[in-house]
Protein chains: 2
Amino acid sequence: MSTSPAQQQRRRRIIDAAVRLAADGGYDAVQMRDVADDAGVALGTLYRYFPSKVHLLVSALASQFEQAEAITERRAIVGDTAHERVMKILGGTTVSLQKQPQLTEAMVRAFMFADASVLGEIEEVGSRLTRMIARAIAGTPDHGEATEEEAAIIRVIADVWMSSLVSWANGRSGAAEVEKSIDVAVRLLLRD
Amino acid sequence: MSTSPAQQQRRRRIIDAAVRLAADGGYDAVQMRDVADDAGVALGTLYRYFPSKVHLLVSALASQFEQAEAITERRAIVGDTAHERVMKILGGTTVSLQKQPQLTEAMVRAFMFADASVLGEIEEVGSRLTRMIARAIAGTPDHGEATEEEAAIIRVIADVWMSSLVSWANGRSGAAEVEKSIDVAVRLLLRD
DNA sequence: CCAAATAATAGAACCTGTTACAACTTGGAG
DNA sequence: CTCCAAGTTGTAACAGGTTCTATTATTTGG
């Protein structure tokens, strides 16, 4: 049941189509029939690859994070304190997400709406995010095991970041407030 | 356009019906036709009161918070430190939410899924939550104005709590982890 | 008390996510 | 090369949220 190159391409075309539709129009504009058409694939095939719209959009988010992670992985993160480094990573990612508000809205809403059936995809997103934060805290490309307390702190930071994106996506708060929330959380959690 | 007693009763019947359906069956079991039937109201009327399923469920959440707030408002919150008091309030509310997992799942998912059109209801929930946390931090029934920093801290705590409930609701984490996340956040944010 | 105006009702209709299914391709195993 | 299992396609059907409409109460200002 390994995936052939043709299948990987299909999968990619589907995600790309979803991202394109989400990028202008947001969550509601990602309509499964349109995604299928855009990707040049039958509706049934789309559902074979992604069992629901939410699976699809969370996978798209995972794919975006994959890119973000790849970029930050290349070189060490500059900054004297853990606080600075984490802000650099999260702030940077936040800014780039905010450049495509509709896309972000679509992916974030899907992520938050996801139920237990999307566990796999959710955990992929979570683990990428966790890894990025952990790396920023450590400041080095290598990943020493985090203590339980550190893991809890990372989880809290991730939670705050995600929640902030939600309230930004639905217009409850602006970019400045997002920045502020994260800054407060990171500064107080990682006093250094 | 003020609401007559009959209308207030209708509104209440509708929310009660939604809560009843959500309590066993969760988000998916709250079907608008069923809510209308259960509340003894026509579908069109239901939509006149609540313009969407999400509005309805977020209003239900607001209504639950209203009760929670009323209860905690009666007497001062016991506990020597702000940390202890906040944990008492949030922990208590968490426990009571966890007693009705399906209901909580329904309301929390709606809250997180809500888009800009639900701003009013969302802000009602947010402000109740904020007020409860602020009161717990202060420890007294009266509400001195919070500083900007305090406000940011409260927002962070609220974010963490909500995110934790999300991951609890979709099975990503258990009650213990929810407790742990909140405890870490509160302890580090309010060192005392 | 009466006539607008406003609200509620029943029911059909519409939209989009999801499922079902029959026919058609394709990529390997033998 | 041939054949089979798995994958793909197109299309129809179903489900539940939402909208619309014609009709019937209910309120309310005069």
Requested in this report: Mind checking side-chain hydrogen bond (donor to acceptor under 3.5 Å, both in side chains) for A:Thr45 and listing every partner two or more places apart, or none if nothing turns up?
Outcome: none
Report task. Tell me, please, which residues at least two apart from B:Ser59 pass side-chain hydrogen bond (donor to acceptor under 3.5 Å, both in side chains). Result -> none
Value in whole Å for how far the [atom2] atom of [N] lies from [atom1] of [X]:
X	N	atom1	atom2	value
A:Leu46	D:dG7	CG	P	16 Å
B:Gln7	C:dA7	CD	C1'	7 Å
A:Asp28	D:dT19	CG	P	12 Å
A:Arg10	D:dG7	CZ	C1'	7 Å
A:His55	C:dG17	NE2	P	16 Å
B:Arg48	D:dC20	CZ	P	13 Å
B:Gln9	C:dA7	CD	C1'	16 Å
B:Ile14	D:dG17	CD1	P	15 Å

Query raised in the report: If each of B:Gly40 and A:Ser52 is mapped to the nucleotide of DNA chain C with the nearest heavy atom, which maps nearer the 5' terminus, i.e. the 5' end?
Result: B:Gly40
Non-neighbouring partners of [X] that pass side-chain contact (heavy atoms from CB on, under 4.5 Å), sequence neighbours left out:
X	result
A:Ser117	A:His55, A:Asp115
A:Ala175	A:Gln98
A:Asp34	A:Leu21, A:Gln31
A:Phe65	A:Leu61, A:Val125, A:Arg128, A:Leu129, A:Met132, A:Trp161, A:Met162

Report task. Classify every nucleotide of nucleotides 21-30 of chain C by which part a protein heavy atom approaches to under 4.0 Å, writing B for the base, S for the sugar-phosphate alone and - for neither, in 5'-to-3' order. Result -> ----------
Taking N or O atoms only and anything under 3.5 Å, show me the protein contacts with nucleotides 13-16 of chain C, one pair per line.
unit_1, atom_1, unit_2, atom_2, d
C:dA13, N6, B:Arg33, NH2, 3.3
C:dT16, OP1, A:Gln31, NE2, 3.2
C:dT16, O5', A:Gln31, OE1, 3.4

Requested in this report: Only counting residues at least two apart or in another chain, list the ones meeting salt bridge (charged side-chain N to carboxylate O under 4.0 Å, His left out) with B:Arg155.
Outcome: none
Requested in this report: Mind checking salt bridge (charged side-chain N to carboxylate O under 4.0 Å, His left out) for B:Glu177 and listing every partner two or more places apart, or none if nothing turns up?
Outcome: none
Report task. Answer yes or no: does a side-chain N or O of A:Tyr49 lie under 4.0 Å from OP1 or OP2 of D:dT8? Result -> yes
Report summary line: A:Ala136 and A:Ile89 have their tightest heavy-atom pair at CB-CG1, 3.8 Å
Report summary line: Residues of residues 106-117 of chain B with a heavy atom under 4.0 Å from any atom of DNA chain C, listed by number, are none
Report summary line: Between B:Ala6 and B:Tyr47, whichever has its closest DNA chain D nucleotide further toward 5' is B:Tyr47
Query raised in the report: Sequence neighbours excluded, which residues qualify as ring pair (Phe, Tyr, Trp, His ring centres under 6.0 Å) partners of A:Phe50?
Result: none
Report summary line: Out of D:dG10, C:dT9, D:dG7, minimum distance to the side chain of A:Ala42 belongs to D:dG10
Query raised in the report: Between A:Gln9 and A:Ser4, is a side-chain contact (heavy atoms from CB on, under 4.5 Å) present by the stated rule, with each step listed?
Result: CA-CA 9 Å; A:Gln9 285 174 33; A:Ser4 77; over 6 Å; no
**Report entry** Residue pair B:Met87, B:Glu179: steps toward the side-chain contact (heavy atoms from CB on, under 4.5 Å) verdict
**Finding:** CA-CA 9 Å; B:Met87 288 310 291; B:Glu179 178 88 9; 3.9 Å; yes
